[in-house]
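Reminder, nothing fancy here: chain letters follow the sequence lines and each chain counts from 1.
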Amino acid sequence: MIENGVINRYQLWLLVINFHLGSALLFFPGKIAAESKQNGWIAILLVTLIGSLLILLTVTLVSRNNNQTIVKISESLLGKPIGFLVGLFYAWFYIHLTAILLREIEEMIISTILNETPEIVIYIMITSLVFWVTYHGIEIIARTTEIFAPIAFLGLLLTVILVIPLMQLENLLPIMAEGIKPIIKGSYDVLGFTFAEISIFFMIIPFVNNHKILLKTTISAGIVAGLLLTVMVVVSIMVLGVNTTAMSIFAPLNVARLIDIGHFLQRIELLMYSTYLVTMLVKLTLSFYAGVIAMAQTFHLSDYRANITPLIIIVITLSPALGESIIEFFDASRFWTPYTLVLSLVIPLLLLGISYMKGKK
Amino acid sequence: MAIWKWLHQFINRANDEEQEKDMVPLSKILENNLNEIQKDLGNSPDIITRRFILGREHKVSAAIIFTDGLVSNNDINHFLSVLFTEYNDEDVSVSPIKTIKEQLLNIGDVKEAEKKTEILDEILTGSTALFIDGAKTALIASTKGWETSGVMPPENQVVLRGPREAFTTNIRTNTALIRRIITSSKLRLEQMKIGNLSETVIGIMYIEGVAHDKIVQEVRKRIKSIKIDGILGSGYMEDYITDNPWSLFPQVMYTERPDTAAGHLLEGKIIIIIDGTPFVLSVPVTYLMFFQSTDDYYLNWQLSTFLRLLRMFTFFISLTLPSLYVAITTFHQELLPTTLLVSLAAQREGVPFPAFIEALIMELTFEILREAGVRMPRAIGQAVSIVGALVLGTAAVEAGIVSPAMVITVSMTAISSFTAPYIEIVTSARILRFILLMLSASFGLFGMLFGVMGIVIHMTTLRSFGIPYLQGIAPFNITDQKDVFIRAPRFFMNSRPRLFAQKNPIRQDSNIPHPPEDRQRRKQDE
C-alpha cells in the first residue's frame, strides 16, 4: 500500500460533507439563481438526489473491486495500456481540479481583501499549507478536517441564525412558475461543481478502516451537504432577492455583510470568509492528495511524497493560465459538468459493467 | 570510514578493559582494600575511613568508609555502637561478615558486595561500606541521609482546594508521596541510572494493567537510549524523549503536585521521576490536557467546565489578540462599529508608528518586563513593577508613543496568558504571537487565518509516544468528550481516556444509579 494511514468512518463523513461544501458554499447561490431563479433550492435538491446516485456508483465500484483505488481498478479490469491511460486521465483531472480550486481561492482573496497583493504570494501561501498536509498523508488530512469542519459548520450556522431578521419569504415565490426546465438547467450547471466531483473519493475510500457501512456514511454525508447547500441558497435568495443573488459571484458573503445586530455586530462577512477558506483548504488538499496518489499509482511509485513538489509546481503554473480574468475563468466552467460526468459517471459505469461481466465468468 | 571503525573498536576495547579492571574483586587484606578505594576516589577529604578493632577474643581489624555529608551521622553512630556492644565472635566457623549481616545490624538495608565498582557506587550515594580483614566481601549498609528541603506546599501549580504538598528534590520522598496516594500493589516503579558522570537515578512509575504496555516499553527504550554525562533536571530529559523536539508545543507535562501525578497514573499515563528535580514528567500528553487544571477535579463540575472553556478562550486570546487588532485596524476597519472606529482613529492620531510597529514595541516591552521580573533579585521587584507600569501605562500613552487601545490589547494579552494551569503551554503562544503578528500585518485577516491554520496543521501532525497530540478532537472520540472541553460530573466518568488505557478502560461501575437521589427513590420504591 502506498499510504499507511487509515481513516475512520466519522472522518470520511466529515470529508465528504466538507468536500461538497468546499467551493460550492460561496458561489452556488449566485450560479443557481441565474438559471433557476427563486426555484434554485429545488434545483439543489435535485442535484443532491443525482449526487447520491453518483456516490452509490462510486462506493459500489470501489467495494466490488476489493477496495482498490480507481487507478488499480482500471488497470486490473482494462489491462495495462488502457488502464494506464485511464489512471493518467484521473490523475490529470485531480490536478486540474486542484488548480481550479486554487484559482478560485486566489480570486476570492484578491477581490475581497488583498486587492494589491501579487497573486503568486497567495498561491505560495495556500500551496505551502497543502504541501504540508499532503506530505503527512491521509490521516493528517482527516484530522485537520475534524478540526476545521466543525468550525466551518458553526460559522455557517451562526450566519444563518443572524440573518433571520432579514429574510423575506416572498422572495421565494412563485414556486415553479416557469415549469421544470429552468430547474433542470440550473441543476445541470452546478452538478459539476459538487457531486460530480465525487470521483475524488475513488482515491480516498480505499483508506477507510471499516468498509461495512460505507454506503450509509457516504450517502448520509452527501445528503447533509446537499441540505446545507439548500439552506445557503434559500437564505441567499430570501435575503438578497433573486436578482441580486444572481448577479453576485459570492452571494453568501453579501448576505453576511448585511448582518447588523444592535449596531454592534455588523458586517461579519469575516465569519463566512473563514468558513469558506477552511472548507476550501480541505477540498483543495483532498483533490491534490488524490492527484498525487493517482499519479504515484499510475507510475507504480513506491512513495507518493516524491510527487508532491513537481505537482505543486504544475498546479501553481496551471492556475493563472486557466483564464485571463475572473469572468473568463468562470465562463470556462460551462464545460465542467460534462467533463466531470465523464469521470464520475461514464467511466465508472463502464468499469462496473466490465467488473460484473468478469464476475459472471 | 575504515579508520573510523577501527578507532571506534579501539575505544570500545579500551572501555572494556577498563571495565574489566573495575570488576576485580576485593583482596583479602584490609589495608589493600582501603588503599584501593581511597586511591580510586582521589584521596578526597570528604571520604572518611574509620579503622577499628572488632571482637573480644578473636580480634579482627575492620574499617568503615563513607562519604561525609551524604550519610546520616545518627545511623552511623547507632550502627557502630551496636557493632561494638553486641558483636559476638564465639562461633569461629562463620565468617565475621556473615555474623554481622545476620545477627547484628538493625539497619534497614544491608547487603554484601564484592566488586569494587559496586562498592564505590554505594559509597558515593551515601551508603557505608564495612570492610573486615580477611574477608573478600564488604558489607554495605544503607545510611543515606542528607539535608533536603522537606515536603513544601507547591509554588507554581496552586489550587484552591486540594492537598498542599509538592514534590521534593529527593526521588525517594517523591515515590513515597505517590505511593501514599495509590497504595495498590499494581503500582510499578522501575529505576535506572542515566548519565555516566552524574549517575542520576530515574524512576518510571505506572500502574500495571492500566498503562499501555507498548507506551511503557517505548518510554523505557527512549530513556535507556540517553547517553549523556549528566542529568541535572527534568528539562534535560525532555529533548531526548519527545517525539518532535523541533515543535514549539510541549510534549511532556511537568507537575509538582503528587495528586496530579497520581491522577495521571490512574488515567494510564506514565510518570518519570528524576532525582534532584521537584518536577515530575508525565507522558504521553495531549494538547487539551494542558488546559485541565487539577482544580477542575476538586471544584464542582459546572464551574470547572466554565473555567476550562475560559482557559481555552484566553489561550486563543493570548495567541491572536494583538494580530487581530493589527489586522482589523489596518486592513478591515469596516468590521468595527462606526463609533468605535472613530474613537480608535482619534486615539491613533498622534501616534507616529503604524499599528504593527506599535504592537511590536509593546509586546517586546512586555516580554522584557516579564523576563526581568523572573530574573531579578526579589528586593528590587517593586522598582521594576513601578517602571513597568509607567512604560506599559499612561506615561507611554501621554508621550504619544502608543495609543490607549494598544495598551489595553497588550495588557489583555498578557493577563490572558497567565490563566494557563501549565506554564509550558504559554511558551508556544509567546513565540507564535509574534509570527502571527507579522502575518496579519502583511496579509490582514487572511494572513492570520493562514497562520492559525498552519498551527492547527502542525498540531495534528504531532504525536506524543504514539498518541495523536490533538486526541479528543482529532481524532474525535465521543467517549473521551467527558473530560476534554467539559468536565463531566464524576458519575459519568466511567472509562479512562481511550488511547491511554486500552487494556483496562473501565474506571468505575457504570451500573450505579446516578444521581444519588435516584438511588434513594429506588430504595423507597422497594
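Sorted pairs that involve residues 439-459 of chain B and meet salt bridge (charged side-chain N to carboxylate O under 4.0 Å, His left out), not counting sequence neighbours, are lacking altogether. The list of salt bridge (charged side-chain N to carboxylate O under 4.0 Å, His left out) pairs with a residue in residues 216-225 of chain A, not counting sequence neighbours, is empty.
Residue contact with chain B, scored on non-hydrogen atoms closer than 4.5 Å, involves the side chain of A/L281 exclusively. Heavy-atom distances place both the backbone and the side chain of B/F443 under 4.5 Å from chain A. Residue B/L470 touches chain A through its side chain alone, counting heavy-atom pairs closer than 4.5 Å. With a 4.5 angstrom heavy-atom cutoff, A/T145 does not touch chain B via any of its atoms. Proximity to chain B (any heavy atom under 4.5 Å) is restricted, for A/T117, to the side chain, taken from C-beta onward.
Contacts of residues 449-456 of chain B with chain A at a heavy-atom distance below 4.5 Å involve B/L449, B/F450, B/M453, B/G454, B/V456, listed in sequence order.
Scanning for salt bridge (charged side-chain N to carboxylate O under 4.0 Å, His left out) contacts around B/R222 gives B/E218, B/D243, with sequence neighbours left out.
Under the 4.5 Å side-chain criterion, counting only non-hydrogen atoms from C-beta, B/H458 is in contact with A/W132. Side-chain contact between A/M125 and B/F446 is present, with at least one heavy-atom pair separated by less than 4.5 Å.
Here the CZ atom belonging to A/R143 is positioned 13.0 Å from the CD1 atom belonging to B/I457, to the nearest 0.5 angstrom. Rounded to the nearest 0.5 angstrom, B/L445 CG and A/I109 CD1 are separated by 11.5 Å.
In terms of heavy-atom pairs under 4.5 Å with chain B, the best-connected choice from A/R257, A/E139, A/H136 is A/H136.
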Steps toward side-chain contact (heavy atoms from CB on, under 4.5 Å) verdict (A/Y10, B/I478): CA-CA 11 Å; A/Y10 170 68; B/I478 194 80; over 6 Å; no
Intermediate values then yes/no, side-chain contact (heavy atoms from CB on, under 4.5 Å), B/T461 and A/Y135: CA-CA 10 Å; B/T461 61; A/Y135 185 83; over 6 Å; no
